[in-house]
Each structure stands twice: as structure tokens, then as C-alpha cells.
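The structure appears below as C-alpha cells.
Counting starts at 1 for both ligands and their atoms, in listed order.
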Amino acid sequence: MSDPLPQRTQVAIVGAGPAGLVLAQLLARHDIDSVVLEAESRAYVEGRIRAGVLEQGTADLLVELGAGARLQREGQRHGGIELRFDRRSHRIDLSALTGGRAITVYGQQEVVKDLIAARLGAGGRILFEADAVGLENLDSERPAVRFRHGGVERSLAADVVAGCDGFHGICRAAIPSSRLRVFERVFPFAWLGILAQAPPTANELVYVNHERGFALHSMRSPALSRLYVQCGPTDAIADWPDDRVWAELRTRSAIAGPWQVNEGPVLEKVIAGMRSFVVEPMQYGRLYLAGDAAHIVPATGAKGLNLAVADVCVLARALAAFFGGGDRAPLERYSATCLERVWRAQRFSSWMTGLLHRFDDGDVGFAQKLQLAELDYVTRSTAAATTLAENYVGFPLPV
Ligand code: APR
Ligand code: PHB
């Protein structure tokens, strides 16, 4: 940002992740002014390796927002996924079951790069290394965000503040705890993820249920594999040398018949806990929370990024009604509108997680038998497979 630091805007957006950046692009379509405050540097946010599955609606919206050209060139459109269990493989034909809808595999950091380029290219204002340290007057018509930039504390006055600062941001904490209700479930395992310089093992995503634990084969390009194995909730990276990761992937993913995991140099290794989290309501005064600031879903359903996008579609539409015609009703309904989709995604993500992971509490043998019976049902019944498919490719966005 070359011009003098902004002191006032219509919508102050805290966070330049998918939620904040898509919101800024959507608001620009309604000629609503915004400023995005991002704590980290541009290089940092563009380098963070995160999720990688875009629902049909998310991919379509990115194209519509002028941030989809590279996605269309480099994104990998998949019409199906594979469920692997009991040493058998079954393809769920997502597109056939959903009237042609599909997912696109494209790294979140690539989405962020494209959105930043589109926003700045359109003259949008994103202030990097601007760390929001406090929100003020949220229960008034003149809220403000205090932030530190260049070692100096500054203030951005706004009509509305969008809290798009993720699970560890400050915006949710700015709401009095007496006004919030938290719903949370922590799963008794984590995911160990690697990015490997190796061609993907399969053409589509492979979700594995195995008695040793869950595994997932994904990808980032024809030369880059993204792979995950279920691990203990307190495991450390040091517990998982490369050889152990590859051995578990081979064992858990084996099927009767020829198949192999393509191995290669491990470029990144990370362990992420598995939780569900929702805060209600997702708004307070002139503050509106969106994305991970308000909810976390277990990664099994690949919903995180897509839910963030859905939230800001609702928020942008409500802000257009507010700024365009003084209609406050959509803003007043913002949280209730978002939470319908949030809880639908929580249900699906919890179901997928329960279906595919090993749980060591209670009667393990019985639980595994139930999982195999349900997997068998999902792969034999069109009705059951359709339920999985329509949730996985995602429902039309509220644009
Ligand atoms: N001030 C300014 N920016 C902040 C602050 C702060 N105090 N705290 C956090 N941020 C920034 C982070 O640096 C990050 O760039 O807010 C952004 C939040 O982005 P995400 O965490 O990606 O959250 P969201 O946009 O909701 O996207 C959700 O991201 O983490 C994944 O799995 C998640 O795929 C999902 C998606
Ligand atoms: C990924 O490619 O990172 C990915 C894919 C599907 C998931 C989770 C993560 O369910």
C-alpha cells in the first residue's frame, strides 16, 4: 500500500486469509470501501501450506471475482473420490450423483495469492504487517480497530468490523464471554501431514479406513503429493521420521492387488489436532465474525476454507443491503443464516471423521465393525452415496 495509512473505511477487515480476502472482493462489487489489516507479511501468508479442496461453489465464485484464471489452468477438477477399507477400493462418483458438480484440488496458499493479486490489482487496500491489537466501540455506530504497523500504534475507524482473523485471532475474544456460547469437541487423535516431491499415488483423493488408523492421499500438482496419517493427539514430529510415515501409508492403504505409494523427498511435515468448534452468535454490535474466527471443522470433510467463503457471501450480501438501502435485517440475521450451513458442515465433517478414524475408547472391535458396515452401505446404496456426494461437493453458495 503506497498511499498514506488509512484512517477510515466502511468495513475494516481483520485478516487476509480466504475469509477476509473474498469479503473484500465481494464488497468491491457493491462499491463498498474496505481495508484489510493483516498481521503477517505478504510472503508469509502466501507461503502457508493449508487445505486444498475447493467446493464447486467456491471455485465458481473465485472465477467470478476475477481470481480464478490460474485456478482454471492449474487446479485439478475431480469428479470422484475413493473410499478404501477392508483392503478394497470404491469410487464415489461425485459428479454423477450431484448433476455434474465436482471439487477442485488447488492449494489454499494459491487461492490467497490469487485473491491478493486480484484485490491489489483492482486498487484494493491490504495493509500487511498490521497487527490488530484491539477493537473499540463495537456497540456503537463508530467502531474502530487499533493496530500496530511499523512499530507505531494506529487506529482505523469504520462503520463495521469483519473479524476474519482465524481461530487464534483477537476478534472473537473482543466479544464479552457472557454474550457467547462455545460448542466444542476435541477428537482423540491428530493428523500428521506431509508434502512430498512425488507424483500423486492416485488420480483422485483416496480416504482410507484401516484398523491402524486413517490415511488420506491427496495432491497439489502432478509432481507433488499431499498425504496424511492419523496419529496420536500428543504425537510430535520427532515421533514420525519419514520411514515411519511411508511405512504407515503403505500398510494402511494396501489393497488386494497391485498398488504402491509413490515415495519421494518430504518437503514439509506438520501435525494438526482435530477438533470441532463453533461460537454462537457470530456477531456482536458492529463486529461480524467469519471463517475460522467463528468455527473450526475436522479436516476430514475438507470444509474449512469453503465455510469461510460461505460466511462472507452472507456478510457481503447483508452489508450491501445495509449500505445500499439502510436495510439492517439481513445483518441482524447474519449469524443465524451462517450457522445453518456451519452446523450442516459440522454434521458432515463429524460423520466423515467418525466413519474413517480409529477410536480407541470403548469396544474397538465393535466400533470398527460398525464403520465397515456403514462404509459398505455407502458404497452400495445410491441414496447413501448421494448424501456423501452432495455434502462433499458443497451446496450452492448464498451469493
Ligand atoms: N491482526 C491482523 N491479522 C490477523 C490477526 C491480527 N490480530 N490475527 C490473525 N490474523 C490473520 C492471520 O495471519 C491470517 O492470515 O488473519 C488471517 C486468518 O486467516 P485463516 O486462519 O486462513 O482463516 P480464514 O480466512 O477464516 O480461512 C479459513 O484457513 O486455516 C485455514 O483450515 C482453515 O481452510 C480454513 C481457512
Ligand atoms: C488436502 O489436500 O490438504 C486435503 C484434502 C482433503 C481433506 C483434507 C485435506 O479432507
(Q) Looking at non-hydrogen atoms alone, which of Arg50, Gln108, Arg48 comes nearest to atom 34 (O) of ligand 1? (A) Gln108
(Q) Please list, in number order, the atoms of ligand 1 under 4.0 Å from a heavy atom of Gly166. (A) 18 (C), 21 (O), 23 (O)
Q: Number the atoms of ligand 1 from 1 as they appear, then name those within less than 4.0 Å of a heavy atom of Val14, with their elements.
A: 1 (N), 2 (C)
What does the contact table look like for ligand 2 (nitrogen or oxygen on each side, cut-off under 3.5 Å)?
| from | atom 1 | to | atom 2 | distance (Å) |
| --- | --- | --- | --- | --- |
| ligand 2 | 2 (O) | Ser218 | OG | 2.6 |
| ligand 2 | 2 (O) | Arg220 | NH1 | 2.9 |
| ligand 2 | 2 (O) | Arg220 | NH2 | 3.4 |
| ligand 2 | 3 (O) | Arg220 | NH2 | 2.8 |
| ligand 2 | 3 (O) | Tyr228 | OH | 2.6 |
| ligand 2 | 10 (O) | Tyr207 | OH | 2.7 |
| ligand 2 | 10 (O) | Ala299 | O | 2.8 |
| ligand 2 | 10 (O) | Thr300 | O | 3.1 |

Q.
Just to check, does Ala299 reach to within less than 4.0 Å of ligand 1 when the distance is taken from its heavy atoms?
A. no
(Q) For atom 8 (N) of ligand 1, which of the options Gly169, Ala16, Ala19, Gly163 provides the nearest non-hydrogen atom? (A) Gly169
**Q.** Residues Asp159 and Gln10: side-chain donor-acceptor under 3.5 angstrom
**A.** no
Q: Decide whether an N or O pair under 3.5 Å exists between Ala39 and ligand 1.
A: yes
Q: Output the distance between atom CZ (Arg226) and atom CG (Leu205), rounded to the nearest 0.5 Å.
A: 12.0 Å
Q) With atoms numbered from 1 as shown, which atoms in ligand 1 lie under 4.0 angstrom from a non-hydrogen atom of Leu305? A) 34 (O), 35 (C)
(Q) Determine whether a donor-acceptor pair (N or O, by modelled atom type, separation under 3.5 Å) exists between the side chain of Thr98 and the backbone of Leu94. (A) yes
Q: Take the angle between the ring planes of Phe348 and Tyr392 and call it parallel below 30°, perpendicular above 60°, tilted in between.
A: perpendicular
Q: May I ask you to identify the nearest protein heavy atom to atom 13 (O) of ligand 1, giving residue, atom name and distance to one decimal place in Å?
A: Glu38 OE2, 2.7 Å
(Q) Within ligand 1, which atoms have a heavy atom of Asp131 less than 4.0 Å away? (A) 1 (N), 6 (C), 7 (N)
Q | All salt bridge (Lys or Arg N to Asp or Glu O under 4.0 Å) counterparts of Arg333, not counting sequence neighbours | A | none
Q.
Measuring from atom 18 (C) of ligand 1, which candidate in Gly15, Gly291, Cys164 has the nearest non-hydrogen atom?
A. Cys164
**Q.** ligand 1 to Pro18 polar contact by distance, N or O atoms, under 3.5 Å
**A.** yes
Q: For Gly17, take its heavy atoms, then give the atoms of ligand 1 lying under 4.0 Å from any of them.
A: 17 (C), 19 (O), 25 (O)
Q: Using side chain to side chain contact (heavy atoms under 4.5 Å, CB included) as the criterion, list what pairs up with Gln7, not counting sequence neighbours.
A: none
Q) Has the side chain of Asp131 got a donor or acceptor atom that lies under 3.5 Å from a matching backbone atom of Arg148? A) no
Q.
Could you check whether atom CD of Glu340 has more than 12 heavy atoms from other residues, nucleotides or ligands sitting under 6.0 Å from it?
A. no
**Q.** Protein heavy atom at shortest distance from atom 33 (C) of ligand 1
**A.** Asp292 OD2, 3.1 Å
**Q.** Proximity to ligand 1 by part of Leu37, non-hydrogen separation under 4.0 Å
**A.** backbone
(Q) Give me the residue, atom name and distance of the protein heavy atom closest to atom 9 (C) of ligand 1. (A) Asp165 O, 3.2 Å
Q.
Under a 4.0 Å threshold between the charged nitrogen and the carboxylate oxygen, would Asp165 count as salt-bridged to Arg172?
A. no
Q) Any Lys/Arg nitrogen of Arg244 or Asp242 sitting under 4.0 Å from an Asp/Glu carboxylate oxygen of the other? A) no
Q) Would you say ligand 1 has an N or O under 3.5 Å from any N or O of Gly20? A) no
Q: Just need the protein heavy atom nearest to atom 1 (N) of ligand 1, so name the residue and atom and give the distance.
A: Ala132 N, 3.0 Å
(Q) I'd like to know if Asp139 and Arg179 make a salt bridge, using a cut-off of under 4.0 Å between side-chain N and carboxylate O. (A) no
Q.
Side chain or backbone, does Glu40 bring an N or O within less than 3.5 Å of an N or O on ligand 1?
A. no
Q. Atoms of ligand 1 less than 4.0 Å from Ala130 heavy atoms?
A. 1 (N), 2 (C)
Q) Restricting to pairs with a member in residues 258-297, which pass ring-ring contact (aromatic ring centres under 6.0 Å, His included), not counting sequence neighbours? A) Phe167-Phe277, His217-Trp259, Tyr288-Tyr334
Q: Would you mind checking if Arg252 and Glu248 are paired as a salt bridge, meaning a charged N to carboxylate O distance below 4.0 Å?
A: yes
Q: Inspect the contact between Glu263 and Arg250 and indicate whether a charged nitrogen and a carboxylate oxygen are less than 4.0 angstrom apart.
A: yes
**Q.** Phe85 and Tyr207 aromatic centres sub-6.0 Å
**A.** no
